[in-house]
Amino acid sequence: MPFIGTKDKKEIIEANQVHETDTGSSEVQIAVLTERINHLVEHLKKNNKDHATRRGLLILVSRRRKLMNYLKKKNKTSFTEITKRLGLRTKD
């Protein structure tokens with residue numbers, strides 16, 4: 001159950017696309033990872049001894065952090081926009 005459905009993923013991609021055929025930009029990847037992270041957090045609230053899922057969650061959070069650092073360096077306005085839209089906290 002750690003994966004989001006195909007319809008949900010398409011909606012997330014469409015909501016965060018930079019251009020019409022965009023499926024892999026940093027903004028889209030961050031949004032998809034955020035949805036997966038939120039899903040795993042809910043799972044871990046019910047199953048707090050699921051350490052394999054906890055490890056997977058930490059890997060996803062690390063991957064999202066790296067993408068956010070890249071986006072922050074390359075396009076600050078897009079970074080602030082995506083963090084506001086997804087409700088993510090930043091160190092800045």
Atom pairs and distances, donor-acceptor, side-chain atoms in residues 27-35, under 3.5 Å, two or more places apart:
from  : atom 1 : to    : atom 2 : distance (Å)
Glu27 : OE1    : Ser25 : OG     : 3.3
Glu27 : OE2    : Ser78 : OG     : 2.4
Gln29 : NE2    : Gly24 : O      : 2.6
Thr34 : OG1    : Ile30 : O      : 2.7
Thr34 : OG1    : Arg64 : NH1    : 3.2

pair Thr53-Asn47: side-chain heavy atoms closer than 4.5 Å
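Contact flag for Thr53/Asn47 side chains = no.
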Check for a donor-acceptor pair, side chain of Ser62 on one end and backbone N or O of Leu58 on the other, with a separation under 3.5 Å.
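Not at all, since once roles are kept as given, no pair shorter than 3.5 Å links the two residues.
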To the nearest 0.5 Å, what is the distance between [atom1] on [X] and [atom2] on [Y]?
X     : Y     : atom1 : atom2 : value
Leu71 : Lys76 : CG    : NZ    : 10.0 Å
Phe79 : Asn69 : CZ    : CG    : 7.5 Å
Asn75 : Thr80 : CG    : OG1   : 8.5 Å
Leu86 : Met68 : CG    : CE    : 8.0 Å
Leu44 : His39 : CG    : NE2   : 10.0 Å
Glu14 : Lys9  : CD    : NZ    : 13.0 Å

Please, which pairs that meet salt bridge (charged side-chain N to carboxylate O under 4.0 Å, His left out) have at least one residue in residues 37-60, sequence neighbours excluded?
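Listed once each, the pairs are Glu42-Lys45.
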Who are the salt bridge (charged side-chain N to carboxylate O under 4.0 Å, His left out) partners of Glu81, not counting sequence neighbours?
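For Glu81 the salt bridge (charged side-chain N to carboxylate O under 4.0 Å, His left out) partners, ignoring immediate neighbours, are Arg85.
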Same apolar cluster (I L V M F W Y, side chains within < 4.5 Å links), Leu60/Tyr70:
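Shared cluster, no.
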